[in-house]
Every structure is written in C-alpha cells, then in structure tokens.
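First the structure, in the form of structure tokens, and then the observations on it.
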Amino acid sequence: MSVRVRFAPSPTGFLHIGSLRTALYNYLFAKHHGGVCILRIEDTDRTRLVEGAIEEQIASLAWAGVTFDEGPHVGGNHGPYTQSERFDLYRTYGMQLVENGSAYYAFDTSEELDAMRLRQQAAGIAPKYDRSTMRNQFTVGDHETQRLLGENAQHVIRLKVPLHTDVRFHDEIRGDVVFAGREIDDQILLKSDGFPTYHLANVVDDHLMEITHVIRAEEWLPSTPKHVLLYEAFGWKAPTFAHVPLLLNPDRSKMSKRHGDVMVRDFAEKGFFPDALVNFVALCGWNPGTDTEIFSHNELIQAFSLERVNKAGAVFDYKKLDWMNGEYLKSRDPKELAAELLPALTARGYQYIEPDFVADVIELVRERVHFLKDVTEFADYLFGDVLSPLSSELAASISGNDTLRTAVKTFRDGLNNASIADLEAFKGLSQSAAESAGLKMGAFMKPLRLILTHREVGADLFGTVHLLGAQRCSVRLDSFLSS
RNA sequence: GCACCGUUCGUCUAGGGGUUAGGACACCGCUCUUUCACAGCGGUAACACGGGUUCAAUUCCCGUACGGUGUACCA
C-alpha cells in the first residue's frame, strides 16, 4: 500500500516553527516513499478561528517548500479537506458508535462537570468523567434519554472507554506504549454544538482519507489511546503512529514566543533562506547518521527516515541557525542573490545597483555576514556615494597627519583603471605610496580604508577599491585631501 | 496529584557491552591577513544518580532524581 500522510493544522494563527517541522517530516516521509502528502484543515473549534490563518499557513508552508498533493487549495479525491465542510459525516459516524454501544449520550452542563472535577480534586483523585454518577444514558435510563433527546435537550456523545482493558499500540519512534483503560477519559466525541472534537474528526478523516501514517507532535501521545479505541470501535485498521519530539525553549519547555521568534513568517522576515530554515529544522530531532549537515531539499527527501528521528525534545539553537543561513549565503549563486537583494537596495535609494555589480558586491562581502540583507548595511559605501558619518575619534585619527596626506596624495595620483585592474598593480601602487611618504603598509591601509569607506572593518580592501572604481575612489580621496 | 514520554559536551547530535566516547554550533588559542571575517590547525567541555545482570556497562534491566507533555464540549 502506498504511503499517505497528512499535516492537519488548526487555523488559529500563524504557522509555528514546530508545526513547520511536523509538516516537513510528513512531507519528507511521503516524498521519500513516493507517497502522498495531504493538507487537512481542522477547524472544528469555532471559537478559536482566526481570519486568514489558513491562507497564511499555506503560504508559509509553500515558502518553505512544503507542498501538498491533496488539500483544500489543490483539491483531491478524498475531499473536502476542511473539517467544517464535513460536518454531517461526523454526526453520522458518531451515531454509529452510539448504536454499536461504543459511545453514549451525556447531558451534563459545564457547571456540573466543573463541580465534578472540583470534587475529584478535593478527594485527591484524577479528574475524569464519572460515568456512573453523572447525567448520562446509563444513569438516567433509556426512557429518560429518549425523552430528553425528544425535547432537544443539550447533549454530547462520549466515548465509552472499557475500564478493565489496557490499550496498547506501537509507535514508530517510541516503541510499544501501554495505557491502562481506567486512566483514559470518556472523551467527548460530538460537542453540544454538533461539531466533533478533534479526536472523532481526526480518526474519521484519517480513515476516510486512507492515511497510512500519522506523524504528529509528541503532545498527542497521551490522547492516542483514545484514537486507538475509536479505530477499534469502528472496526477500522489504525494507521501507524509516529510521535515526533518537541521543539524546546532554552529552559526546555515547549517552544514559545518569549524566547524568540517562533512563527515561520518571523523567520522569513528576518531574512532566513527557506532552504536554510528547513535544513536546520529537519536536523532538530532527526539526523541521517552521517556527519553531513547541509542538505538540499532533494537530499533531505532522499535521506529522511522515521527510524532516525530522536525521542528527546530539541532546544532550538538560534545561533546555529544563523550559522547555517550563512552557509547557504556563501554557497548560493551571487546573481540569484543579487536579484533577491535588489528591491531592498532600490528602496534605500542607492544609485549603484546594476545587478552584475550587486552580484560582485555580494561575492566580495558575503563571508562576513549571515544574512543577505546584511550586505546592504555592510557595503553601503559601495552602493551609494553618501558615506556614513565618521566618529570624531576616527576622524581625528586621520586628520592633521601630513605623512598620511602625502601617501594618500601619491596613491590618488597613481590611481587609474590600470592600477586597480589587478592585485599586483594595486599592491605596487599602495606600497610605493606608503613608502615614499615613509609609512609602513599597515599604517597606510588602515586609514586608506577609513577614508574610502568610513569603516574600520570591511571586505578585502583591494576588492573594495576594485568595485568602487578609480573614479569614485578619487572623489573620496580628494575630499579627504581637501578637508 | 495521576498517566505517559524522555535524559551523551552549554546547544544539536553520532555511537553503543570492551572506544583516547566522534562530529557540528557556540566559546578560547594559534596560523593566514592591512582590518574584520573566511579558512586551516589546536583546545576547554558530556554518557543524571543508585542498584542489578555480566569477566566487562555510558550502552541491557530495575529503581530514583530531574525535565517535558497530557490530564477541556482546544487542537
């Protein structure tokens, strides 16, 4: 049977980085096995819907290169792919469970349920629906149940969990897991508003959509026995489960805002390359067992396997992510990068932004930054003619120095296209300028950089002069000499 | 509280009954260099604890500790 997996987010906000990883693992697993990856929208909680969230999440996923073979935005043979559009289905299946004795009607109000939990807490027992004392089909009797239903009394459908059997299942990542029946709550399947809870909708849809592997976050592990029970109650074969470890804050709690960016869109806005983010996130909790750390999209598909997903949660290391982004910055085609950077340069109103020139600048400075957009700031003296202001200390360090002025003058006079065409000529010029004034090379190059770029640090000076061109260099040198 | 899951350098991890416990990020040092960076080289740094099994345990088993998740008419 061919692999069918799904990513099933709730449209309650922006796409979380942890969700991206879950989606990614599903995607990689499907593609690795030549299977199908489905997007399903789980919008059964009508109170938490956020306008535009579905579109945003799909856009974030697409940005990261995670695409779907079936879903609300692309169609497919197992639709609709949005749970609110499958409303009638869940009631039908829920009732089937009532009829075969696997589920039952309950009439408790939320106040009554709150009171029950309070009692249980006071008595020091685990809060759990008490089937034998609460108001439900069993305690009020069939006759009364029918009467209440007849007068449209508010009710829910609950799963009738067998108290004396253990529920066991195999998890691809964690191995065999067992839960005692008495620990499992009589989960609500259909809410009083007629909508299904996650548990029912999830199981019904996974079955109907012929999902073979449920790959989801570890936080779902404790509710998996309920799902297993549901599959049994329906007489369906359960899919294979794989609960992936959580992404963690530095304090090892579930990754959240407070400690940094967590939304995929935040990372996009910060300037991370999608491939770098995906590469990094793939390696949080999975590794191929080799020393390789840089993987293209296709290499990830090739290498990915559930067997090599870790059990323990992974602290999200922002610093290593920065490093990885830098690795991508260094390896990508400068011309492509130039095209990506161009809009930002235009927005800043720079005048030297011919694509080829920008590509040359990127190539010159990219080893010194982690982000493409940092190039804009780092090399502002190459893109524009207006230099950032010099601090008074730095200005003082080069002013009133006649030896330096002499050297700069010589350098400036020797400057032409030929002298900056190749490294040797440039070196010769700098050297003779420095020596004729009685300066050491080091003592000359530093102020020269300062005069030309107004920066103490920067890219290779020859490369910088080369890109600046003799004309622009002369203007800057002249402005120093005339000051 | 109860249930479940987990625990190798600060972080991501490899490994797995007998290893100098490997790699990467970060950090430190050296080299290169006009600067910064890159690169290269080197360094600091880890098997949570206690029992058991075994000739041998970081690796297997059991406890403990610690951490996480769950415990909703949320997903």
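Chain letters run A, B, ... following the sequence lines, proteins first and then strands; every chain starts at 1.
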Subject >> P atoms of B:U20 and B:U53, separation to the nearest Å >> reply: 27 Å
Side chains of residues 368-375 of chain A: which donor-acceptor partners sit under 3.5 Å, not counting sequence neighbours?
residue	atom	partner	partner atom	Å
A:Arg368	NH1	A:Gly458	O	3.1
A:His370	ND1	A:Asp322	O	3.2
A:Lys373	NZ	A:Lys270	O	3.2

Original post:
Over how many whole Å does the gap from A:Lys427 atom NZ to B:U33 atom C1' extend?
Top reply: 10 Å
Original post:
Picking from B:A37, B:C73, B:G70, which would you name as closest to the side chain of A:Thr197?
Top reply: B:C73
When you compare the protein's N or O atoms with those of nucleotides 12-15 of chain B, which come within less than 3.5 Å of each other, and at what distance?
residue	atom	partner	partner atom	Å
B:C12	OP1	A:Val315	N	2.9
B:C12	O2'	A:Leu283	O	3.3
B:U13	OP1	A:Gly285	N	2.7
B:U13	O3'	A:Asn287	ND2	2.7
B:A14	OP1	A:Asn287	ND2	2.7
B:A14	OP1	A:Asn310	OD1	3.3
B:A14	O3'	A:Arg308	NH2	3.3
B:G15	OP1	A:Arg308	NH1	3.2
B:G15	OP1	A:Arg308	NH2	3.2

**OP:** Taking atom types as modelled, find out whether A:Asn136 and A:Tyr129 have a side-chain donor-acceptor pair closer than 3.5 angstrom.
**Re:** yes
**OP:** Compare the minimum distances between each of B:A75, B:G6, B:A26 and the side chain of A:Lys319, then state the nucleotide with the smallest one.
**Re:** B:A26
Subject >> Donor-acceptor pair under 3.5 Å, A:Ser192 side chain vs B:C73 base >> reply: yes
Original post:
Is it the case that A:Arg455 places NZ or CZ above or below the six-membered ring of A:Tyr381, under 6.0 angstrom from the centre and within 45 degrees of the axis?
Top reply: no
Subject >> Candidates B:A3, B:A75, B:U34 - which lies nearest the side chain of A:Phe179 >> reply: B:A3
Original post:
Quick check, are the ring centers of A:Tyr318 and A:Trp323 under 6.0 angstrom apart?
Top reply: no
**OP:** Let me know, please, whether A:Asp251 or A:Asp460 comes out on the 5' side of the other along RNA chain B by nearest nucleotide.
**Re:** A:Asp460
Original post:
Between A:Arg6 and A:Asp206, is there a side-chain N and carboxylate O pair less than 4.0 Å apart?
Top reply: yes
**OP:** For the side chain of A:Glu183, starting at C-beta, report the closest nucleotide among B:C2, B:A26, B:A75.
**Re:** B:C2
Subject >> Opposite nucleotide pairing with B:U31, Watson-Crick or G-U, both atom distances under 3.5 Å >> reply: B:A39
Original post:
Can you find a side chain N or O atom of A:Arg174 that sits less than 4.0 Å from OP1 or OP2 on B:G68?
Top reply: no
Original post:
Has A:Lys191 got a side-chain N or O lying under 4.0 Å from the OP1 or OP2 atom of B:A75?
Top reply: yes
Per-pair distances, 0.1 Å, donor-acceptor, side chain in residues 13-21 of chain A, under 3.5 Å, sequence neighbours excluded:
residue	atom	partner	partner atom	Å
A:His16	ND1	A:Gly18	N	2.8
A:His16	NE2	A:Met255	O	3.3
A:Arg21	NH1	A:Cys284	O	2.4
A:Arg21	NH2	A:Pro245	O	2.1

Subject >> Separation of atom CG in A:Leu189 from atom C1' in B:C74, rounded to whole Å >> reply: 15 Å
Original post:
Counting side-chain heavy atoms from C-beta on, which of B:U35, B:C73, B:U69 comes nearest to A:Val156?
Top reply: B:C73
